[in-house]
2 protein chains.
Amino acid sequence: MTTRTSTSAAAGTTASASERLVEATRELLWERGYVGTSPKAIQQAAGAGQGSMYHHFTGKPDLALAAIRRTADELRAGAERVLGGPGSAYARIEAYLLRERDVLRGCPVGRLTMDPDVVVSDELRAPVDETLHWLRGRLAGIVQEGLDDGEFEGPLSAEEIASTVVATVQGGYVLARASGSPAAFDTAVRGLLALLSARTRH
Amino acid sequence: MTTRTSTSAAAGTTASASERLVEATRELLWERGYVGTSPKAIQQAAGAGQGSMYHHFTGKPDLALAAIRRTADELRAGAERVLGGPGSAYARIEAYLLRERDVLRGCPVGRLTMDPDVVVSDELRAPVDETLHWLRGRLAGIVQEGLDDGEFEGPLSAEEIASTVVATVQGGYVLARASGSPAAFDTAVRGLLALLSARTRH
DNA sequence: GTCTATACGCGGATAGAC
DNA sequence: GTCTATCCGCGTATAGAC
């Protein structure tokens, strides 16, 4: 929102302090969650002082909200790039599931649902809910296309399949992080794809 | 491990202090995670003083380990009660998925994978990993039975399907907590069941 | 076994100078 | 806009008395 909105990822020197604070917060929220992230840690990561942080934001919740909103926006944009691409319904869902991911880091949005202070706050939870809700709807639309085109063999509920797809991804992260290896994520995804392709006319 | 191991759930007056501390820790870890749980909060919930806690345990990680181990054991026992029951392979998997759950509280074991201090510690992560690993193996065995009996139509990988089942459950919690309602969990589970039953000979 | 005292830095800010 | 000072309770123990 300030001059020179250079989209530099790192908390380098070219971005404004407010910008660096938001980016640092995004990173820390992803890594350690809301409860595990302190203002001091944010300031250090951003290379900003207390005064700076409290000048731009009213406090930790305010800054976290800005960070969560941006992360949510990015997630939607990234998913749309895959889901809005070319190909059959199955192909797009497969592309979404097989997309490159930083599996061991988990989902920067989904992980927030395990944060007690986030779930309890309607403001902080809202962007999380909206994002997952949007994703389910977007996938449901694609499944419905597949159903309408006769690509998928019914009876199948588009809403249900869409939720299963999102849940498998979110749960895949849990399995991967538990074992310390991305393999479990891939295994879960392949299982879902096997089940889904069995109902697909190729 | 002390006299009178009364299995009273609440941190009532009959259990030993060490027992109450473990139970209180289990509850808090479930509710707020490891990072969000302080020794002081545990002591208050357990009705025990500092001295008592540090007499029985060397510190927060030690107490958390005892709590996590017990929760992991209980989860396995509970799952086994359903999975070891009677019925076809599909019926047992369905029973596991439709089992009554405190959906909005999430999985007391899976949620720990989002705790930065837990994932980083091999000791604390081990029981989490073992539990999820056991669960996947147990389900894979059942799927394999179904495959061998011709109940499920192959080709299907038992390991993959098992991972998808566990991932859907874990991800279902994420969806439910994001929306603040258990409905999303149920929707995801129904989607998986629909996909699975389509490959089942009834 | 449990209690009380003490410690020291962090969490999460507010106030006012520059 | 940013810096430094100051605040107060919490997080996470340790020490020693009872």
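Every chain is numbered from 1, with letters handed out A, B, ... down the list of sequences.
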Among [options], the one nearest [X] by side-chain distance:
X: B:Ser38; options: D:dG1, D:dT12, C:dT2; answer: D:dT12
X: B:Tyr54; options: C:dG11, D:dT12, C:dT2; answer: D:dT12
X: A:Ala17; options: C:dG1, D:dT2, C:dG12; answer: D:dT2

Length of the line joining [X]:[atom1] and [N]:[atom2], which is rounded to integer Å:
X: B:His55; N: D:dT12; atom1: NE2; atom2: P; result: 22 Å
X: A:Gln43; N: C:dA13; atom1: CD; atom2: P; result: 10 Å
X: A:Phe57; N: C:dG11; atom1: CZ; atom2: P; result: 19 Å
X: B:Lys60; N: D:dT14; atom1: NZ; atom2: P; result: 15 Å
X: A:Asp62; N: C:dT14; atom1: CG; atom2: P; result: 12 Å
X: B:Gln50; N: D:dA17; atom1: CD; atom2: C1'; result: 16 Å
X: B:Met53; N: D:dA13; atom1: CE; atom2: C1'; result: 9 Å
X: B:Lys40; N: C:dA5; atom1: NZ; atom2: P; result: 14 Å

Main-chain N/O of B:Thr37 paired to B:Arg32 side chain as donor or acceptor, under 3.5 Å: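 Pair absent, no side-chain N/O of B:Arg32 close to backbone of B:Thr37.
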Any chance the side chains of A:Arg26 and A:Thr71 put a donor and an acceptor closer than 3.5 Å?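 Yes - a donor-acceptor pair under 3.5 Å links their side chains.
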So if I apply the salt bridge (charged side-chain N to carboxylate O under 4.0 Å, His left out) rule between B:Glu27 and each of B:Arg20, B:Arg105, B:Arg70, which one comes out positive?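 In the set B:Arg20, B:Arg105, B:Arg70, the residue that makes a salt bridge (charged side-chain N to carboxylate O under 4.0 Å, His left out) with B:Glu27 is B:Arg105.
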Regarding B:Glu159 and B:Arg136, does a basic nitrogen lie under 4.0 Å from an acidic carboxylate oxygen?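 Here B:Glu159 does not pair with B:Arg136 in a salt bridge, since their nearest N and O are not under 4.0 Å apart.
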